[in-house]
Amino acid sequence: MRTLPPYRIGHFLPPALLLLGGGVAGSVTEMSSFFVSLFNVMPTLVLLLGGAFCATYGRLRQVFLLLVVYLAYYQLDTQVDHYLTEGVPRDDAALVFHLCSLLLPLLYGLYGCWQERTHLLRDLLARSGVLLAVLGIGVGLAQRFPEALLAGLSRVYWPTWQSSLIQLAYPVFLLAGLALLTYYLRRPRPQHAAQLLGLLGALWMLPKVFVLPHALHAMSSLVMLALTASVVHEAYQMAYRDELTGLPGRRALNERLQRLGRNYVLAMVDVDHFKRFNDRHGHDVGDQVLRMVAGRLRRVGGGGKAYRYGGEEFTLVFAGASLDDCRPHLEAVRLSVERYSLQLRDKHSRPKDDQQGRHLRAGTAGLGVSVTVSIGAAERDAGQRSPDEVIKAADRALYAAKNAGRNRLSAHGQHARGAVRLRSPAG
C-alpha cells in the first residue's frame, strides 16, 4: 500500500513560477537599463554562487547542469551581441547556434539522468571527462569541417515539417524530456522536477535567441536559478518533512505551535505494541505500520493536521476548535486504523495498485495483522495555556488510555474515571 502520493504539484511550483517569470521577461522588447544590467550579469552570478552552493552539498548533477546551460548561454551571447551591435550575424553564427541547439539538450538530458555516486572525486572526473570529450568532438569538427558539419546539421529530414530549430534538435529534446520525466516518475524529487521544467525553458528560449533581445539572458538566468533553488527546496523538505511517512516532522510541528491562536486542540497518537511488530516481524513491517497509520491520520476530519512527533508517536493539531468538536474526528481516525487489515507480504508480491491491494485485503492472501492506536487529547484552557503545556496534558491523557487497555481515546480531565473509549454510532 502506498499511503503517500509521491508526485506532488509542490515539486513543480517553484521552478514553474521562476520559468514563467523568465518567459515574461524574455518576451519584453523594451526593458529598463536596470533589468538589462541585472540579466547581463545574472547567469554568471548564478553559476558561481549556485555552483558553489550545489558543490558544497555534493550535488554534482546540478553543478554540471548549470555548467551546460551557462556554456550554451555564453556561446550564444557572443553571437547575439555581435548581431545587435553590427546588425548582421557573424560568419559562424549558424554553425554555433545549431551546435548549441543539439548539444544543449543532449548534455542536459545526460547529466539530468546521471545518478550521483558516493565517491565525489570519481564522479567529478567522470562527468568532466564526458563534457570535455563531447565539447572537444564538437569543436574539432566545427574547426576541421565547418561546411560539411553545417550542411549535416541543417539538413531537412522531414520536408513537410518546417520549424525554428534544426530538425535534429527536436528528437534530442524529446528523448531528453522523456528520460527526465521517467526519472522523476521513478524518483519524485524537487530537483528532478526542476530539471524537467528547465529543459522546457531551454526549448522555449532557443528559437527566440535572435528574435527577442532579452530571451537568452532572462531564460538562461531563470533556468539556472530554478536548478539551484531546487536544491534549497529539497533541503527544506528533508528538514521539515518525515521521509518515511511523508508527514510534516517535528521541526514543522514546533513552528506550527508558535502560530496557533487562543483556541486549539492537540492530540498525541501512539501505535499500540509497536515494539512487538518490530521484534516479531522485523523493521520493514514496522515501517509499513507507520506508513499505514500516517495515511489514516492524514485523512482526519475537522480541520486536523497530522505531524510525526517521533518514533511511533504522531501529533494531530486542530486550530480554532474545542475538544468536543474534535472527539468524533479523533474517534473516527482511531476506528479507521483498527478496521484496516494490514497484509504482510514480501516486496515481490506487493500489489501494483490500490484496487488490487483492497482485493487482497478482502480475501485471504497474505498474513493479516491488526494495528491499533491510543489517543490522548487536550485543549488550551486556563489550566494549560502554552502549547508545551497542552502537549504535556495530551501526553498524560495518552498514558491514561494505554493504562486503561489501549486502543482508546482519552481526553484530558477524564483521568479520575479512567480513559473512556468513545464509540461512534456505527461502532
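- With a 4.5 Å cut-off on side-chain heavy atoms, Val209 and Phe97 count as touching.
- Among Leu168, Leu200, Leu199, the single residue meeting the side chain to side chain contact (heavy atoms under 4.5 Å, CB included) criterion with Phe173 is Leu199.
- In plain terms, the two heavy atoms of Gly198 and Leu19 that are nearest each other are N-CD1, 3.9 Å.
- Proximity of Pro89 to His82: side-chain heavy atoms (C-beta onward) are nowhere separated by under 4.5 Å.
- Between Asp272 and Lys402, at least one side-chain N (NZ, or NE/NH1/NH2) sits under 4.0 Å from a carboxylate O, which counts as a salt bridge.
- A donor-acceptor pair is defined here as one N or O able to donate and one able to accept, closer than 3.5 Å; such a pair exists between the side chain of Arg127 and the backbone of Trp114.
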Report task. Dump the intermediate steps for side-chain contact (heavy atoms from CB on, under 4.5 Å) on Asp395 and Ile391, then the final yes or no. Result -> CA-CA 6 Å; Asp395 258 333; Ile391 282 186; 4.2 Å; yes
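- The environment of Phe35 atom CZ is sparse: at most 12 non-hydrogen atoms of other residues, nucleotides or ligands sit within 6.0 angstrom.
- Not a single donor-acceptor pair under 3.5 Å links the side chain of Ser128 to the backbone N or O of Leu125.
- Shortest non-hydrogen contact noted between Met31 and Val36 is O-CG2, 3.7 Å.
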Requested in this report: Apply the test side-chain contact (heavy atoms from CB on, under 4.5 Å) to residues His217 and Met42: give CA-CA distance (whole Å), side-chain angles for both, the deciding distance (0.1 Å), then the verdict.
Outcome: CA-CA 8 Å; His217 299 81; Met42 195 171 176; over 6 Å; no
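- Note on ring orientation: taking the six-membered ring where Trp is involved, the planes of Trp161 and Tyr170 are tilted (angle from 30° to 60°).
- Aromatic rings from Phe12 and Tyr184 are positioned such that their centres are separated by under 6.0 Å.
- Tested against Asp242, the residues Arg308, Arg291, Arg251 include a single salt bridge (Lys or Arg N to Asp or Glu O under 4.0 Å) partner, Arg308.
- Remark: side-chain polar atoms of Glu379 are not paired, donor with acceptor, to backbone N or O of Val265 under 3.5 angstrom.
- Counting heavy-atom neighbours within 6.0 Å of Glu30 CD, excluding the residue itself, gives a total of 12 or less.
- A side-chain donor-acceptor contact under 3.5 Å links His119 to the backbone of Arg122.
- With sequence neighbours excluded, the residues that form a salt bridge (Lys or Arg N to Asp or Glu O under 4.0 Å) with Glu234 are Arg189.
- His192 contributes no side-chain N or O that, together with a main-chain N or O of Leu180, makes up a donor-acceptor pair within less than 3.5 Å.
- Taking the ring-ring contact (aromatic ring centres under 6.0 Å, His included) definition, one finds that Tyr236 meets it with Tyr240, sequence neighbours left out.
- Of all heavy-atom pairs spanning Pro105 and Ala176, the tightest one is O-CB, 3.6 Å.
- For Arg334 and Glu338, the salt-bridge test passes: some basic side-chain N is under 4.0 Å from an acidic carboxylate O.
- To the nearest 0.5 Å, the span separating CG on Leu20 from CG on Leu222 amounts to 9.5 Å.
- Taking the six-membered ring where the residue is Trp, Tyr70 and Tyr73 present tilted rings, their angle falling between 30° and 60°.
- Summarising the geometry, atom CZ belonging to Phe318 is positioned 12.5 Å from atom CZ belonging to Arg327; distances are rounded to the nearest 0.5 Å.
- Within the 4.5 Å cutoff, the side chain of Leu266 has heavy atoms near those of the Leu257 side chain.
- Phe314 and Tyr307 have their aromatic ring centers separated by at least 6.0 angstrom.
- Under the 3.5 Å distance criterion, with hydrogens and angles disregarded, no donor-acceptor pair is assigned to the side chains of Asn40 and Ser37.
- Considering OG of Ser101 and CD1 of Ile166, their distance stands at 5.5 Å, rounded to 0.5 Å.
- Separating the CG atom in Asn254 from the CZ atom in Arg259 is a distance of 11.0 Å, to the nearest 0.5 Å.
- Between Gln167 and Val156, some side-chain heavy-atom pair lies under the 4.5 Å cut-off.
- Counting heavy atoms from C-beta outward, Met224 and Pro43 have side chains that approach closer than 4.5 Å.
- In terms of heavy-atom proximity, Ala321 sits nearest to Cys326 at CB-SG, 3.7 Å.
- Between the side chain of Ser230 and the main chain of Leu227, a donor-acceptor pair closer than 3.5 Å is present.
- Of all the heavy atoms in Pro248 and Lys305, the pair that sits closest is CG-CE, 3.8 Å.
- You'll find the side chain of Val337 stays beyond 4.5 Å of the side chain of Val269, heavy atoms only.
- Two residues are said to be in side-chain contact when any heavy atoms from C-beta on lie closer than 4.5 Å; Arg241 and Leu247 fail this criterion.
- Taking SG of Cys100 as the start and CG of Leu71 as the end, the distance is 9.0 Å to the nearest 0.5 Å.
- In this structure the side chain of Tyr111 reaches within 4.5 angstrom of the side chain of Val130, judged on heavy atoms.
- Under a cutoff of 6.0 Å and an axis angle of 45°, Arg250 and Tyr309 form a cation-pi pair.
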Report task. Dump the intermediate steps for side-chain contact (heavy atoms from CB on, under 4.5 Å) on Gln79 and Asp92, then the final yes or no. Result -> CA-CA 9 Å; Gln79 301 292 335; Asp92 60 344; 3.4 Å; yes
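- With hydrogens and angles ignored, the 3.5 Å screen pairs a side-chain donor or acceptor of Arg61 with a backbone N or O of Gly112.
- In this structure, Leu206 CG and Met219 CE are separated by 10.5 Å, a value rounded to the nearest 0.5 Å.
- Put simply, the side chain of Gln62 never gets that close to the backbone of Gly51: no donor and acceptor are under 3.5 Å apart.
- Residue Leu107 is tested with Leu67, Leu135, Leu65 for a side chain to side chain contact (heavy atoms under 4.5 Å, CB included); the sole match is Leu135.
- Nearest heavy atom pair, residue Ala55 against residue Val63, reads N-CG2, 3.6 Å.
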Query raised in the report: So Gln195 and Tyr108, side-chain contact (heavy atoms from CB on, under 4.5 Å) or not? Walk me through it.
Result: CA-CA 9 Å; Gln195 291 166 190; Tyr108 190 98; 4.2 Å; yes
